[in-house]
Trainee: 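I'd like to ask some things about the structure below.
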Amino acid sequence: MADVLTTMAYERARSVPEALTLLAEGGEDTRPISGGQSLVPMMNLGLAAPAFLVDVSGIPALRAIRVEEGALVIGAAATHADLTTDRLVAEHAPLLAMAAAHIGSPRIRNRGTIGGSVAHGDAAAELPVACHVLEADYRVESLAGAAWRPARGFSLGYYQTDLAPGELVTAVRVPLRPRHGWGFHEYSRRAGDFALASAAAGVALDGDRIASVAIAVTGAADRPLRLEAVERRLTGVAVAEAERVAAGLADDLDIADDPYCRGSDRARLIEAMAVRALRDACADARRDEA
């Protein structure tokens, strides 16, 4: 580790254009860093050894949270703690606040960022699974241009994302969805540990029936997984029957054993978390309709 540190270059960018220029000049061994709560542990384990770090934590534009054109736009350097306390997030994307509250410890939440989380590609991370349910987009910029990329499809596998060298996630965009209810649950052996299973749910009601539903989970695959078959079974179902219809979803999951958990046990954990998240989302949607 000492050899890595002595040969590493570091530059603090003052603006997004400057950061993009530095990333492009540095080449494939250059990585952006903000809170460092994803990259630094990987470096400590010897799983990442960038030759050049571009610090984007001091760019004010990347901390902004605003509503524009029917969406909540969150700067990539907004911290997990920001998500749990910001008024606009609470009003328009409370699912992100719910998910962020489960991340690590206060120290990690005060440093870690939403952009770092989605760019890291950790299959157990809380914010990407919430973004799947929210049908969020990520703004990716480089010297070649900028584009919004959907959260679904951005994760390509364990610690792999649709992010090329020289590209930077600069914002997360969440469409405004009034009259929806949200829920998030996860299970870990100890508070702050990586979750063995988590689930996020969003529900819109038509009277006492589910008009639309989205459920995504972690622990079932090498990326967040939308439970589309379960969503189809739940659409149009009476709220009173929702948990019964969702029960048994573990039978739809094919999960291999791993050093932490038997596959069948993890599937049951995922089912339990999904049913709880669905229950909370339905209750939240009813309060929103009242």
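None of these values were measured; they are calculated from a predicted model. Just so you know, these numbers use all the heavy atoms, side chains as well, and skip hydrogens, waters and symmetry mates.
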Trainee: What distance separates Thr161 OG1 from Leu156 CG, expressed to the nearest 0.5 Å?
Mentor: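 With rounding to 0.5 Å, OG1 (Thr161) is 6.5 Å from CG (Leu156).
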Trainee: Roughly how far, to the nearest 0.5 Å, is CZ of Arg173 from CG of Leu134?
Mentor: 13.5 Å
Trainee: Show me the donor-acceptor pairs within less than 3.5 Å that the side chains of residues 64-73 make with the rest of the protein, sequence neighbours left out.
Mentor:
unit_1	atom_1	unit_2	atom_2	d
Arg66	NE	Glu68	OE1	2.9

Trainee: What's in the same ILVMFWY side-chain cluster as Val275, cut-off under 4.5 Å, chained through other members?
Mentor: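 Via sub-4.5 Å side-chain contacts, Val275 links to none.
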Trainee: Give a yes or no answer on whether the side chain of Glu271 reaches the backbone of Ala250 with a donor-acceptor pair at less than 3.5 Å.
Mentor: yes
Trainee: Using 4.0 Å as the upper bound for N to carboxylate O, is an ion pair formed by Asp208 and Arg286?
Mentor: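 Here Arg286 does not pair with Asp208 in a salt bridge, since their nearest N and O are not under 4.0 Å apart.
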Trainee: Is it true that Ser198 and Thr218 share a donor-acceptor pair across their side chains at a distance under 3.5 Å?
Mentor: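 There is such a pair (donor and acceptor under 3.5 Å, judged by atom type) between the side chains of Thr218 and Ser198.
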Trainee: Go through the structure and list residues passing side chain to side chain contact (heavy atoms under 4.5 Å, CB included) with Ala283, not counting sequence neighbours.
Mentor: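 Only Arg287 meet the side chain to side chain contact (heavy atoms under 4.5 Å, CB included) criterion with Ala283.
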Trainee: Please identify each residue that fulfils salt bridge (Lys or Arg N to Asp or Glu O under 4.0 Å) with Arg31, with sequence neighbours left out.
Mentor: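 With neighbours one apart ignored, the set is empty.
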Trainee: Does the pair Arg139/Glu141 count as a salt bridge with the N-to-O cut at 4.0 Å?
Mentor: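 Yes, this pair counts.
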Trainee: Residues two or more places apart in sequence or in another chain: which of them pass side chain to side chain contact (heavy atoms under 4.5 Å, CB included) with Arg209?
Mentor: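 Result, side chain to side chain contact (heavy atoms under 4.5 Å, CB included) vs Arg209: Ala238.
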Trainee: If I take atom CD from residue Glu126 and atom CE from residue Met98, how far apart are they, to the nearest 0.5 angstrom?
Mentor: 14.0 Å
Trainee: Go through Trp182 and Val133 one step at a time and tell me if the side-chain contact (heavy atoms from CB on, under 4.5 Å) criterion holds.
Mentor: CA-CA 9 Å; Trp182 310 100; Val133 166; 3.9 Å; yes
Trainee: Any heavy-atom pair between the side chains of Arg266 and Tyr260 that's under 4.5 Å?
Mentor: yes
Trainee: Is there a side-chain contact between Val174 and Leu95, using heavy atoms and a 4.5 Å cut-off?
Mentor: no
Trainee: Say whether Met273 and Leu278 are linked into one hydrophobic cluster, either directly or through other cluster members, by side-chain heavy-atom distances under 4.5 angstrom.
Mentor: no
Trainee: Can you sort out the partners of His92 under ring-ring contact (aromatic ring centres under 6.0 Å, His included), two or more places apart, ordered by chain and number?
Mentor: none
Trainee: Considering non-hydrogen atoms only, spot the tightest contact between Ala99 and Ala130 and give its length.
Mentor: CB-CB, 4.0 Å
Trainee: For Ser155 and Gly157, indicate whether the former's side chain and the latter's backbone hold a donor-acceptor pair under 3.5 Å.
Mentor: no
Trainee: Give the minimum heavy-atom separation between Ala281 and Ala201, together with the two atoms involved.
Mentor: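 Nearest heavy atoms, Ala281 then Ala201: CB-O, 3.9 Å.
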Trainee: Write out all pairs satisfying salt bridge (Lys or Arg N to Asp or Glu O under 4.0 Å) with one or both partners inside residues 75-101, taking only residues at least two apart or from two chains.
Mentor: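 As it turns out, the salt bridge (Lys or Arg N to Asp or Glu O under 4.0 Å) pairs with a partner in residues 75-101, which skip direct neighbours, are Arg63-Asp82, Arg87-Glu91.
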Trainee: Can you check whether Val203 reaches Cys282 side chain to side chain, under 4.5 Å on heavy atoms?
Mentor: yes
Trainee: Shared ILVMFWY cluster between Val245 and Val230, side chains joined below 4.5 angstrom?
Mentor: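 Val245 and Val230: one cluster.
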Trainee: Answer yes or no: is there a side-chain heavy-atom contact under 4.5 Å between Val89 and Pro94?
Mentor: no
Trainee: Going by heavy atoms in the side chains, are Glu228 and Arg233 under 4.5 Å from each other?
Mentor: no
Trainee: When rounded to the nearest 0.5 angstrom, what distance separates OG1 in Thr85 from CZ in Arg109?
Mentor: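 Taking OG1 in Thr85 and CZ in Arg109, the distance rounds to 11.0 Å.
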Trainee: Between Val129 and Phe184, does a side-chain contact (heavy atoms from CB on, under 4.5 Å) hold up when you go through it step by step?
Mentor: CA-CA 10 Å; Val129 72; Phe184 185 94; 3.8 Å; yes
Trainee: Does the side chain of Leu253 reach to within under 4.5 Å of the side chain of Leu225, using non-hydrogen atoms?
Mentor: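 Counting from C-beta outward, Leu253 and Leu225 do come under 4.5 Å.
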Trainee: Output yes when Asp137 and Arg152 qualify as a salt bridge under the 4.0 Å nitrogen-oxygen rule, no when they do not.
Mentor: no
Trainee: To the closest 0.5 Å, what do you measure between CZ (Phe154) and SG (Cys131)?
Mentor: 10.5 Å
Trainee: State which residues pass side chain to side chain contact (heavy atoms under 4.5 Å, CB included) with Asp280; sequence neighbours excluded, sorted by chain then number.
Mentor: His185
Trainee: Applying the 4.5 Å side-chain criterion to the ILVMFWY set and letting contacts propagate, would Ile74 and Leu88 be lumped into a single cluster?
Mentor: yes
Trainee: With the 4.5 Å side-chain cut-off for hydrophobic clustering, are Leu249 and Val239 part of the same group?
Mentor: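 Looking at the clustering, Val239 is in the same group as Leu249.
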Trainee: Run the salt bridge (charged side-chain N to carboxylate O under 4.0 Å, His left out) check on Arg276 and Glu243 step by step: do they pass?
Mentor: CA-CA 9 Å; Arg276 292 177 188 179; Glu243 290 185 39; over 6 Å; no
Trainee: Sequence neighbours excluded, which residues qualify as salt bridge (Lys or Arg N to Asp or Glu O under 4.0 Å) partners of Asp257?
Mentor: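 Residues passing salt bridge (Lys or Arg N to Asp or Glu O under 4.0 Å) with Asp257: none at all.
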Trainee: For a side-chain contact (heavy atoms from CB on, under 4.5 Å) check, start with the C-alpha distance between Arg111 and His80, then their side-chain angles and the critical distance, and finish with the verdict.
Mentor: CA-CA 8 Å; Arg111 293 288 301 166; His80 309 323; over 6 Å; no
Trainee: Nearest 0.5 angstrom please: Asp222 CG to Gln160 CD, how far?
Mentor: 8.0 Å
Trainee: Please tell me if the side chains of Thr79 and Asn110 come closer than 4.5 Å, counting only heavy atoms from C-beta onward.
Mentor: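 The answer is no, as the side chains (C-beta and beyond) never meet within the 4.5 Å cut-off.
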Trainee: Decide side-chain contact (heavy atoms from CB on, under 4.5 Å) for Asp122 and Phe194; before the verdict, give the C-alpha distance in whole Å, the side-chain angles of both, and the deciding distance to 0.1 Å.
Mentor: CA-CA 10 Å; Asp122 183 353; Phe194 288 110; 3.3 Å; yes
Trainee: Report the hydrophobic cluster partners of Leu168, with the cluster defined as I, L, V, M, F, W, Y residues connected by side-chain heavy atoms closer than 4.5 angstrom, directly or transitively.
Mentor: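 Under the 4.5 Å side-chain rule, Leu168 groups with Val16, Leu20, Leu22, Leu23, Phe52, Val54, Val56, Ile59, Leu62, Leu143.
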Trainee: Heavy-atom count around Asp251 CG within 6.0 Å, excluding the residue itself: above 12?
Mentor: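 Correct, the count exceeds 12.
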Trainee: With a 4.5 Å cut-off on side-chain heavy atoms, are Gln37 and Ser117 touching?
Mentor: no
Trainee: Do side-chain atoms of Glu18 reach the backbone of Arg14 as a donor and acceptor pair under 3.5 angstrom?
Mentor: yes
Trainee: With sequence neighbours excluded, what pairs up with Asp265 under the side chain to side chain contact (heavy atoms under 4.5 Å, CB included) test?
Mentor: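 With neighbours one apart ignored, the set is Cys261, Arg262.
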Trainee: Show every ring-ring contact (aromatic ring centres under 6.0 Å, His included) that has at least one partner inside residues 110-133, sequence neighbours left out.
Mentor: His120-Tyr159
